[in-house]
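Have a look at the structure below, then the notes.
Within every chain, numbering begins at 1; the chains are lettered A, B, ... in the order of the sequence lines, protein sequences first and strands thereafter. Reckoned from all heavy atoms, side chains included, excluding hydrogens, waters and symmetry mates.
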Number of protein chains: 2
Amino acid sequence: MSDTRSQIVEVADKLFYERGYEHTSFADIAAVVGLSRGNFYYHFKTKDDILDAVIQLRERKTEVLLDGWAEQAHTPMERLDQFIGMMVMNGPQIRRYGCPVGTLCTELAKLEHPALPRASMLFTLFRQWLADQFTQLGFGDRADVLAMHLLARSQGIATMANAFDDEQFIRHETEQLQAWLRTLVPTALTN
Amino acid sequence: MSDTRSQIVEVADKLFYERGYEHTSFADIAAVVGLSRGNFYYHFKTKDDILDAVIQLRERKTEVLLDGWAEQAHTPMERLDQFIGMMVMNGPQIRRYGCPVGTLCTELAKLEHPALPRASMLFTLFRQWLADQFTQLGFGDRADVLAMHLLARSQGIATMANAFDDEQFIRHETEQLQAWLRTLVPTALTN
DNA sequence: GTCTATACCCAGATAGAC
DNA sequence: GTCTATCTGGGTATAGAC
């Protein structure tokens, strides 16, 4: 994998997030990387190939992110807090561009793009990681349902914060989410 | 307003929802209406003009919808149930295309399209209507916050159901939403 | 591996006949 | 009000020189 190639994927990742997949052209990516449009096709034959590479990159980044959280936080509850904290930390980006995973899935669904299942796999990575934490908290039978609930809540927050360009809303709703987690789990179990 | 014009707007409304704004071309709309591309410009000068007309149409439709709910249901709680029930009723469409309002706002935000504020006004219509119901339930000071919360929850449900093509998830989460409403409001107040 | 040049198509948009 | 014909720009994609 050449350095130019990974540069292309990094830039495409960013532009697909900020402008959307369809609205990002080869020329846009090439301009940022500092490449001619023609040379582009040495690295990627089609736009779908770039999308595949971007999704793959995001998979790797997500795994690194989740592993990092697992290292930094030692209890399941603290790890769930890391997930919620991500929304606050990424507030400015979410306000402008929404959630990278959610907005990509939304776009691909409308395009009836064959890569949609691969994009929603990014959700699945979070889903399984969150379910793991709930399992460790003793919700074995409801772990997946709770994980999906938490994901949905975060998606709703991102969509509304994006539509209304409202960062205060993120802070308020994430506090609500943390409160919900606390009512869910008896305090004794959180440490 | 000619009949052809309203036909165009109706078709554009549907296609913008199903395929997205950018991915829908004049030719697509003209083909469905049974019009030549050239004649299109007699009715609309630019694509943005069509978008404006579509948003306006949706505003009218939303007002009719909300008025209808207010007529059918006579207590605030029943009216909130109508809102939640809409998600179940529109389950198949949501699964395939997401929420019409949420996905439009998401797309326009990425395009940095000047019509975004007008599109999010559609959210505002729901927001105010929902806040009205919460006010009538005695949550005057928190009515808007609760309305936004309910909207965000519904957006999250739509995004996840769309990404995973999962209608069962809609049913489960809407039941959770109804349960949440019941814990929020003492039973004595719901009638 | 990178470039220029170019083919090709489809989009939005216009002109003008009917 | 509707049509055909056409312009222009941008997009994806290819060929071939360096």
**Prompt:** Which class fits the ring pair W69(B) and F126(B): parallel under 30°, tilted 30 to 60°, perpendicular over 60°?
**Reply:**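 Tilted, since the angle between the ring planes falls between 30° and 60°.
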
Write down the distance between [atom1] ([X]) and [atom2] ([N]), rounded to a whole number of angstrom.
X	N	atom1	atom2	answer
Q7(B)	dT2(D)	CD	P	9 Å
D48(B)	dA13(C)	CG	C1'	13 Å
R37(B)	dA13(C)	CZ	P	13 Å
D49(A)	dT12(D)	CG	C1'	13 Å
L111(A)	dT12(D)	CG	C1'	15 Å
I50(B)	dA11(C)	CD1	P	13 Å
Y42(A)	dA13(D)	OH	P	19 Å
F44(B)	dT2(D)	CZ	C1'	16 Å

Of all the nucleotides listed ([options]), which has the minimum atom distance to the side chain of [X]?
X	options	value
T4(B)	dT4(D), dT2(D), dC3(C)	dT2(D)
S25(B)	dG11(D), dT14(D), dA11(C)	dA11(C)
A27(A)	dT4(C), dG11(D), dG12(C)	dG11(D)
F26(B)	dT4(D), dA13(C), dA13(D)	dA13(C)
N39(B)	dT2(C), dA13(D), dG1(D)	dG1(D)
H43(B)	dT2(D), dT12(D), dG12(C)	dT2(D)
K47(B)	dG12(C), dC3(C), dA13(D)	dG12(C)

**Prompt:** Hey, mind stepping through N162(B) and R95(B) against side chain to side chain contact (heavy atoms under 4.5 Å, CB included) and telling me if it holds?
**Reply:** CA-CA 4 Å; N162(B) 185 221; R95(B) 230 181 53 197; 6.0 Å; no

**K47(A), NZ atom: more than 12 neighbouring heavy atoms under 6.0 Å** =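 Result for NZ/K47(A): enclosed.
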
**Request:** Please report the shortest heavy-atom distance between F169(B) and A152(A), naming the atom on each side.
**Result:**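 Scanning both residues, the minimum pair turns out to be CZ-CB, 3.8 Å.
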
**Atom of F26(A), atom of T46(A) and distance for their closest heavy-atom approach** =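 It is CZ-C, 3.9 Å.
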
